[in-house]
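Notes follow the structure.
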Amino acid sequence: MESAQITLASIGDGVACSDSKGNLTFLNRVAEELTCWSHQEALGRPMSEVLEFRDASSHEIAFGQDYPLHLPSNAVLVRRDGVEISVEGSVSPVHHGKGQPEGAVIIFRDVTIMRAMILQIAHAAQHDFLTDLPNRMLLVERINQVIFSARRHSRRVGLLFVDLDGFKNINDTLGHSAGDRLLQSISSRLVEGVRGSDTVSRQGGDEFIVLLSELAHDEDAALTARRLLRAIAQQHRIEEHEVYITASIGISVYPDDGLDAETLITNADAAMYDAKKEGPQGFQFFRPAMNLRVMERQSIEEDLTHAAERHELSLHYQPRVNLKSGEITGAEALLRWTHPTRGQVSPAEFIPVAEKCGLILPIGRWVLHEACRQIRAWADAGLFLSTISVNISPVEFRHESFLEGVRSILSETGLHPGALELELTETALMKDPDTTEPTLKTLRELGVQVAVDGFGTGYSSLSNLRTFCIDCLKIDQAFVRQIDASIADPTVVNTIIAMGRSLNLRVIAEGVETREELEFLRNQECEEAQGYYFSRAVASTAVRRETFARDSGDRSSTFPRMNASRKDYTSSGRVVFGDHSPAPPIPAAETGNGLL
Ligand code: C2E
Ligand code: MG
């Protein structure tokens, strides 16, 4: 018996015994420490006075002596000094032979640290480590709860998908730690900007979702979106920097835009995507047509992955014409995707998707290789074009292997570098002038030409245009569309032509569709043009050489009435793009130079 007492005394758990009346008869050393009662003081007192166990709702846990009992998982022990500690343990009746129990033994241990760790792990699993906001998992749980109660009370719920505009630039310029501080600053502004019952969550990256749990009217979601956009746009003090950033918000509303969390999030995301297209610092409500676009985007991405290996990609070529000589001076390679079920998919649709998922890199490389190979093959067949223009996405241009790719394709195809012209958009060039400049310089050293595509739509700085190694400006077709021959006033078009001339750059007008446009451009002495008026982009097989008998007079049969110089008629023949019937040629008398 004595050895049993010694064992109980030295055990690592708290042990207490009571007699049949429920009074304490034993308290080991650990139990003394845990309860703050000494055994001298505790012995003989009712067990419930010394061992005050409570559950999570602070109700006292009562236990009799005639059956075993485990303390509930959330049990606490209220120490003599009033402090509560988390415990686990059990109570068992003590029997000497058969009959009524003669008392009880309680074994318990302190699990405060372990329970705190479990809570911490559970918290980490449901919160974002940087901002401590609920993460997507917890958000979905909250949305489901809110929807559950909204359904019962016929209420509306709003979801705001918040995405920062140009956050990457902050990370790139100020560093990741400043980027992190900014995300924290934004998260507190979002939390301050909504009610306590609403949930602000971070989805990762620069995306946040705000759950508005009670929406009286949809307009309230718009008001909150406006308020949050204003709050985000205020100055952020990050380390020693004053940082300004804007955001775009997409809004979906339960029940109209979705009955479950996933649908509401997807639709708010689609609305955000649309808001972004309208420019920074805006918000948009979801419209069902957007969802189709999201699905469309996903399926385009999947199919595009296999497009190249299934030989669904090809290049078409649109001729470029010199407006003085009428000669075809080159062609622009334009990518075509023939999808097995959708048919022709426009590059305007799939190039942005390819840029987003990175597929533009292998695709762009294929395009460049194929265009260079094609112009060589034409030349070998006696069909000479002075340059081939290839569109280069900003993603390709900024990629570290870009220049190496151009070099190796030129050497693989054996094309003279001067026959290659790369078209870069104005925004791609102006985005980061410091890295653009050396890349352009290397291209100039290689002998490759560079054209600014869609000129006039971006924000070129004149000083950059002066210092950059570029050869040509392509006037965006939106400006060509504005040409009305009856207006004699200078338009954007002739401003660009004059600018090009002063910077010593070639100017090409894109998207020329009518004779009026052509005449206007010629009068303004624009050097070159391309557009449906001359020819659409055609397959490589539709480009051929035609030889004409001297003075055949057949100047209207196929497209290149424009390149019908005497020399072409009599010697090597002319290059013909496609076989469609052209618009009537401009009579020589009208144009004055006899070549058109
Ligand atoms: P872009 O470089 O500005 O190409 C001109 C676009 O205008 C082409 O559309 C062309 O077919 C069209 N176009 C030409 N003449 C006329 C005209 O008279 N009227 C009208 N309304 N349109 C005309 P496409 O082929 O659909 O290409 C759209 C855009 O997709 C291109 O604009 C270019 O930015 C991009 N793209 C095409 N191919 C490639 C490529 O291989 N790589 C990259 N990165 N982008 C490409
Ligand atoms: Mg182009």
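We count ligands from 1, going down the list as the structure has it; atoms in each ligand are counted the same way.
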| task | Could you tell me whether some N/O pair between Arg481 and ligand 1 is separated by less than 3.5 angstrom? | result | no
| More than 12 foreign heavy atoms under 6.0 Å from NE2 of His306: is that the case here? | yes
| task | Give a yes/no on ligand 1: does Arg336 have at least one heavy atom closer than 4.0 angstrom to it? | result | yes
| message | Please list the nearest protein heavy atom to atom 10 (C) of ligand 1 with its residue and the distance rounded to 0.1 Å. | response | Leu334 CD1, 3.7 Å
| task | Check ring pair (Phe, Tyr, Trp, His ring centres under 6.0 Å) between Phe468 and all other residues, then give those that pass, not counting sequence neighbours. | result | none
| Identify the closest protein heavy atom to atom 1 (P) of ligand 1: which residue and atom is it, and at what distance? | Asp453 OD2, 3.8 Å
| note | The closest protein heavy-atom partner of atom 42 (N) of ligand 1 is Asn391 O, 3.3 Å
| said: Quick test: of every protein heavy atom, which one is nearest to atom 19 (N) of ligand 1, and how far off is it to 0.1 Å? | reply: Glu513 OE2, 2.5 Å
| query | Out of curiosity, is Glu510 lining ligand 1, as in a heavy atom under 4.0 Å away? | reply | yes
| request: Enumerate the atoms of ligand 1 whose separation from the nearest heavy atom of Ser393 is less than 4.0 angstrom. | output: 44 (N)
Indicate every side-chain donor-acceptor pair of residues 386-394 with a distance under 3.5 Å to a residue at least two apart or in another chain.
from: Ser386; atom 1: OG; to: Thr329; atom 2: O; distance (Å): 2.3
from: Thr387; atom 1: OG1; to: Arg320; atom 2: NH2; distance (Å): 2.6
from: Ser389; atom 1: OG; to: Arg320; atom 2: NH1; distance (Å): 2.7
from: Ser389; atom 1: OG; to: Glu421; atom 2: OE1; distance (Å): 3.2
from: Asn391; atom 1: ND2; to: Glu332; atom 2: OE2; distance (Å): 2.8
from: Ser393; atom 1: OG; to: Glu355; atom 2: OE2; distance (Å): 2.9
from: Ser393; atom 1: OG; to: Val395; atom 2: N; distance (Å): 3.0

| message | Give me the nearest non-hydrogen protein atom to atom 26 (O) of ligand 1 as residue plus atom name, then the distance to 0.1 Å. | response | Pro347 CG, 3.4 Å
| field | Option nearest atom 18 (O) of ligand 1 (shortest heavy-atom distance, choices Tyr532, Phe534, Trp337, Tyr533) | value | Tyr532
| For atom 29 (C) of ligand 1, is some protein heavy-atom partner under 4.0 Å away? | no
| field | Contacts of type side chain to side chain contact (heavy atoms under 4.5 Å, CB included), residue Thr413, not counting sequence neighbours | value | His369, Cys372, Arg373, Ile409, Leu415
| remark: In Leu473, Leu505, Asp476, the residue satisfying side-chain contact (heavy atoms from CB on, under 4.5 Å) with Val452 is Leu473
| query | Are any non-hydrogen protein atoms located under 4.0 Å from atom 32 (O) of ligand 1? | reply | no
| message | Any carboxylate oxygen within less than 4.0 angstrom of a Lys/Arg side-chain nitrogen, looking at Glu519 and Arg522? | response | no
| query | Counting heavy atoms only, which of His316, Lys474, Gln477 comes nearest to atom 20 (C) of ligand 1? | reply | Gln477
| request: Could you tell me whether Glu510 and Lys474 have a side-chain N and a carboxylate O separated by less than 4.0 Å? | output: yes
| query | Do side-chain atoms of Asp471 reach the backbone of Ala451 as a donor and acceptor pair under 3.5 angstrom? | reply | no
| field | Among Ile363, Val390, Leu335, Asp476, closest by any non-hydrogen atom to atom 40 (C) of ligand 1 | value | Leu335
| task | Mark yes or no for whether Glu527, through its side chain, and Ile508, through its backbone, hold a donor-acceptor pair below 3.5 Å. | result | no
| message | Quick check: do Leu440 and Leu424 have side-chain heavy atoms less than 4.5 Å from each other? | response | yes
| Near the Mg ion (ligand 2), which protein N/O/S atoms are found at less than 2.8 Å? | Glu332 OE2, Asn391 OD1, Glu423 OE1, Asp453 OD2
| request: Check the pair Ser248, Asp165 against side chain to side chain donor-acceptor pair (under 3.5 Å), reporting the backbone distance first and the verdict last. | output: CA-CA 7 Å; Ser248 304; Asp165 303 320; 2.7 Å; yes
| task | Looking only at distances, please establish whether an N/O atom of ligand 1 is found under 3.5 Å from an N/O atom of Val367. | result | no
| request: Say whether, by atom type as modelled, one donor and one acceptor occur between the side chain of Thr436 and the main chain of Leu429 under 3.5 angstrom. | output: yes
| Donor-acceptor side-chain pairing of Gln344 and Ser346 below 3.5 angstrom | no
| task | Using a strict cut-off of 4.0 Å, indicate which atoms of ligand 1 neighbour a heavy atom of Gln318. | result | 14 (C), 15 (N)
| task | Would you mind running through ligand 1 and noting each atom that sits below 4.0 Å from a heavy atom of Val512? | result | 18 (O)
| said: Salt bridge check, Lys441 against Glu445: does any charged N sit closer than 4.0 Å to a carboxylate O? | reply: yes
